[in-house]
Structure formats: structure tokens, C-alpha cells
Colleague: 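Can you read through this structure? Questions will come right after.
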2 protein chains.
Amino acid sequence: MPKTAADVRAQAKAAMKQAILDAALRQLAETGADGLSVRGVARELGMASSAIYRHIPSRDALLTDLIIEGYESLGQEAEAAERAIPRSELPERFSAVCHAARRWATANPHHYALLYGSPVPGYAAPTDTIEPATRVARLLAVIMVDAANEGAIRVTAPVEVPPGALEPEILTDFLPGVAYPVAVAGIHAWSSLFGMVSFELFGHMVGSVADADAFFDAGVALLSAQVGL
Amino acid sequence: MPKTAADVRAQAKAAMKQAILDAALRQLAETGADGLSVRGVARELGMASSAIYRHIPSRDALLTDLIIEGYESLGQEAEAAERAIPRSELPERFSAVCHAARRWATANPHHYALLYGSPVPGYAAPTDTIEPATRVARLLAVIMVDAANEGAIRVTAPVEVPPGALEPEILTDFLPGVAYPVAVAGIHAWSSLFGMVSFELFGHMVGSVADADAFFDAGVALLSAQVGL
DNA sequence: TGTAAGCTGTGATCAGTGCTCGCAAACAAG
DNA sequence: CTTGTTTGCGAGCACTGATCACAGCTTACA
């Protein structure tokens, strides 16, 4: 079908917005979220700062777009790493996801800090961000569901958990067939994973951990064992 | 001994600095680190903004002072909670420290974010902050050393860790008598603890965890088991 | 006692920020 | 050809961190 003039216009507008996002991403990678300024991306694009506001409503909205892009970039990398492992090798798939997350974080530290550091705009995350934010978690969940279906989960968990800690939808939609204590251990492993990455990236382990690679390997092994893989 | 005039002067100067820190802490609690402004604390103290710089070299230095105060406040609360438990009840002491940390974090969310969120000034933490930052970790370490001395650690750890992951001084000075794999599990538990707290505080668990208290209880139990208590 | 030195607070000022608004050019639709 | 919409521009507002010359005040010393 032929492109209408409106299509051309819409495409140009989308390209402009993408150029803004790319410039903002470059600035984020260099100076961090604090150093990212709307006037700076305007300078980089050679236009007046006020012109930027024709394409984005505010600086916070720009950061939100970068957050979404970050979650999707991280999710893609984790999914690609997991896809490269045969489906039957459950601990290897788990490990691949964890290592991919750490790799993405160390490659894009400022972007990672924007996702998992202090929430800059406020406490409530914009609703647009919650869906892409679940991609890594969903990946880990699929592995656990596969393990449960194969009966491959060794329930070594020596911990009793009172019922009701998790949202019911998580158990039914996200982790169907996974026993409740194992699901709790899974969510815990998910938060522990990003706790490790954040601690390493934010400099909390400088005096205690000598070989970050080896330590992360051991941590992933501990988490893997904790969820029964 | 009588106060010399110089003493009075020094005391007044210290009081002024403390007043600045108090005002800054109030602003931090209200608006977060991003919203904290030197001019704002000057307004609150009824003085010109330039006068603040007689007592503080820069805004970053002010934030550094708040970071140190935060680590010490958190450390004191954790130490008090641990002291209230009989020394022989090792898992209870461990749990008390974890819950005290979470309690302090939820009571002072912006202050917590300043400590464990994205490092705002830069990547290298000022050297003044690394010593107070270890207080909670030291508390957990003492518990593990006590457990090792009593032979109370059940080494259930099913994970092999290659040597050299931790700094040697940590093993000798911080965790003397603790077996290497257990020490690795301890550092891992430390990072997992703050991973849990950060995930909860920064809103990453909104859709998955229904009862944050119960989930945290379960997480602490998992960590406790992981270090062999 | 007189004077020089140091500390502390002030207002002005600079460069930078997010964001708004009136205006003008370009372009699409009628 | 004439509307109406979109897109960019420059000026401007209110705010920020930080510096500077200046003025008091207190202290120390001759």
C-alpha cells in the first residue's frame, strides 16, 4: 500500500523521538541519570531546548522511556542467553539468565542504576514500566515451572512459610504447578540476584569480595540450590 | 577545667554544622536526596545561602555527611536489636539484625535510598563512609563467628566455591574460624538481605508479594538456613 | 590600648537547569 | 487560496550550586 502523507509525517515524528531517545541514552551512559539534561540532548541534536518539548512532555517522561527501553534491552539479552541452553538443562538455564543480567548491568551501569537504583521521580513506578520490568522474572519463572512439570525440583527447603505471602495471581498465572514454598524461594532468589548485582555495581563489596566473577558464580549456585534445581 | 574562648567558638561552630545537618536530614526525609538543596537548608535556618558554604565545602560533602549519619543510625538500631537477644540464641540474633535493618529502612526510606540506592555523586564512595558502612555486616559476622566457635553451624551448603573469591583480610579479621564456603554464604546473605529490602522499598515487588512482612520472614529464614544457623 | 588577622554572614553575580509562551515558518486539508 | 495544524525558535521565569568582594565581629599580639 502507498504511504500517505500522514504516514510520512508520523514516521518522521517517530524518528525524531527515537533520535531524542538515542541522544538521551548516550548522555545517560556517560554521565548518569543525574547528569542527563534536556538542554544537553537538545544541544547534541542541534536544536533549541524548547523544541524537545514538542516530542516529550517532561524530563521525567523521558526518563520513563529510558527505563522501559532498559528493561526491554535487559530482557532481550537474558532471553537470548536462556534460549541458547537446551531446555532440559534447568540449572544451566537458570545460571544463564543470572549471568546475562549481571553482564548487561556491568555493560550499562548507569542504565542499570536507573532501573534498580533509587527511584528518582517518586515512589510509584509508572504503569507503563511494570510489564517490561517482569521479563527477567518471567524467564526465571518459566524455568521453575518446567522443573516442576518434570518433577525435577528437590524440595530441600527447610523453611516453613505462612500462607498468603504472595499474590494469588502470581501462583496461578506466573508459577502454575510450583509448590508454594518453592515459589516463595523463587521470588526470594529473584530479589537476591539483583541484590548481588546492585551490591557489586554500587561499590558495597569493594573491601570484602576479591573475585567478583567467582563470588557471583557461588551466589548463583546458592540460589539455584535454594529453589531446588 | 574552664572553657577557653576558643572552646566556645569551636562548640558554636560544631553546633552550627549540626544544625545544618539536622535541617538537611529533615529535607532529605521529606523530598529525597534529589530534592535536597543547599538553598533550602539555608532558608530553613534563616540565613543566606552563601553562608552555608562557610561550614560545608559543597553539596556533595553534605550528602556524604548524611550518608555517614545514616550508616551510623542504621548500625545503632541493628546493634540495639541484637543486644536484646541472648547470645546463645544464634538464629534469633541473626533474625533480629535483619528485621532491624528493614525497620530502619521503612522508617527512613529516602535516607535508606541514599545509602543503598544509586550512588549519586559518583562511583567511588568517599573513604569516610566505608567504615560506618560495615557496621551491620560486622554484626552478622560476629554472629557467624560465635556459631563457628560453638560448632553450631550445620554445613548443609551443597555448593563448591573456588578459592579466592573473598579478600583474605575478610576471612582472617572479619570471620575468623568460619569455614570458607560458609563465609561466602554469609557475604551472599548480607547482599541478599539488602536486596530484599531494596526490592520492597523501591517498588519491585508490588505485583508479586502480598504480605511483605511474611515474605521477609521467610526470606530471613532462608538466609539463616543458608549460612547454617 | 591600638592594630592587624581571622572567622562568619551578606548580597550580588555567574552559569546552568526544567519548563512555558508568543511568534513565525512550513505544511496539509478544504 | 485559505484555513488549521504541526514544528521549531528565542526570550523569559524561577530555581539551583557555587564564587566573590565586602562588612562586621572577635581574637591575638605589639
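Chain letters run A, B, ... following the sequence lines, proteins first, then strands; residues in each count from 1.
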Colleague: Look at the aromatic rings of A:W104 and A:H111 and report parallel, tilted or perpendicular, splitting at 30° and 60°.
Modeller: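 Ring orientation, 0 to 90° scale: tilted.
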Colleague: Pairs in or reaching into residues 29-65 of chain B: which pass ring-ring contact (aromatic ring centres under 6.0 Å, His included), with residues at least two apart or in two chains?
Modeller: none
Colleague: In the structure I gave you, are the side-chain heavy atoms of A:L223 and A:M196 within less than 4.5 Å of one another anywhere?
Modeller: yes
Colleague: Atom NZ of A:K17 and atom C1' of D:dT6: how far apart are they, to the nearest Å?
Modeller: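 In whole Å, D:dT6 C1' lies 16 Å from A:K17 NZ.
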Colleague: Could you state the CD-C1' distance from B:Q27 to D:dG17, rounded to the nearest angstrom?
Modeller: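 Nearest whole value for this atom pair: 14 Å.
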Colleague: Report the relative orientation of the aromatic rings in B:F199 and A:F194; use parallel for angles under 30°, tilted for 30 to 60°, perpendicular for over 60°.
Modeller: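 Parallel.
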Colleague: Classify the ring geometry of B:H188 against A:F215: parallel below 30°, tilted from 30° to 60°, perpendicular beyond 60°.
Modeller: tilted
Colleague: How does protein reach along nucleotides 11-21 of chain C, written 5' to 3' as B (base within reach of a heavy atom under 4.0 Å), S (only sugar-phosphate), or - (no contact)?
Modeller: B-B---BBBBB
Colleague: OP1 or OP2 of C:dC7 sitting under 4.0 Å from any side-chain N/O of B:H55?
Modeller: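 No.
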Colleague: Let me know the distance between CG of B:D34 and C1' of D:dG17, rounded to the nearest Å.
Modeller: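 Atom-to-atom, B:D34 to D:dG17, this comes out as 14 Å.
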Colleague: Verify whether one side chain among A:Y112 and A:S198 offers a donor that lies under 3.5 Å from an acceptor in the other.
Modeller: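 Judged by distance alone, the side chains do pair up.
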Colleague: How close or far is atom C1' of D:dG10 from atom CE of A:M47, stated in whole angstroms?
Modeller: 14 Å
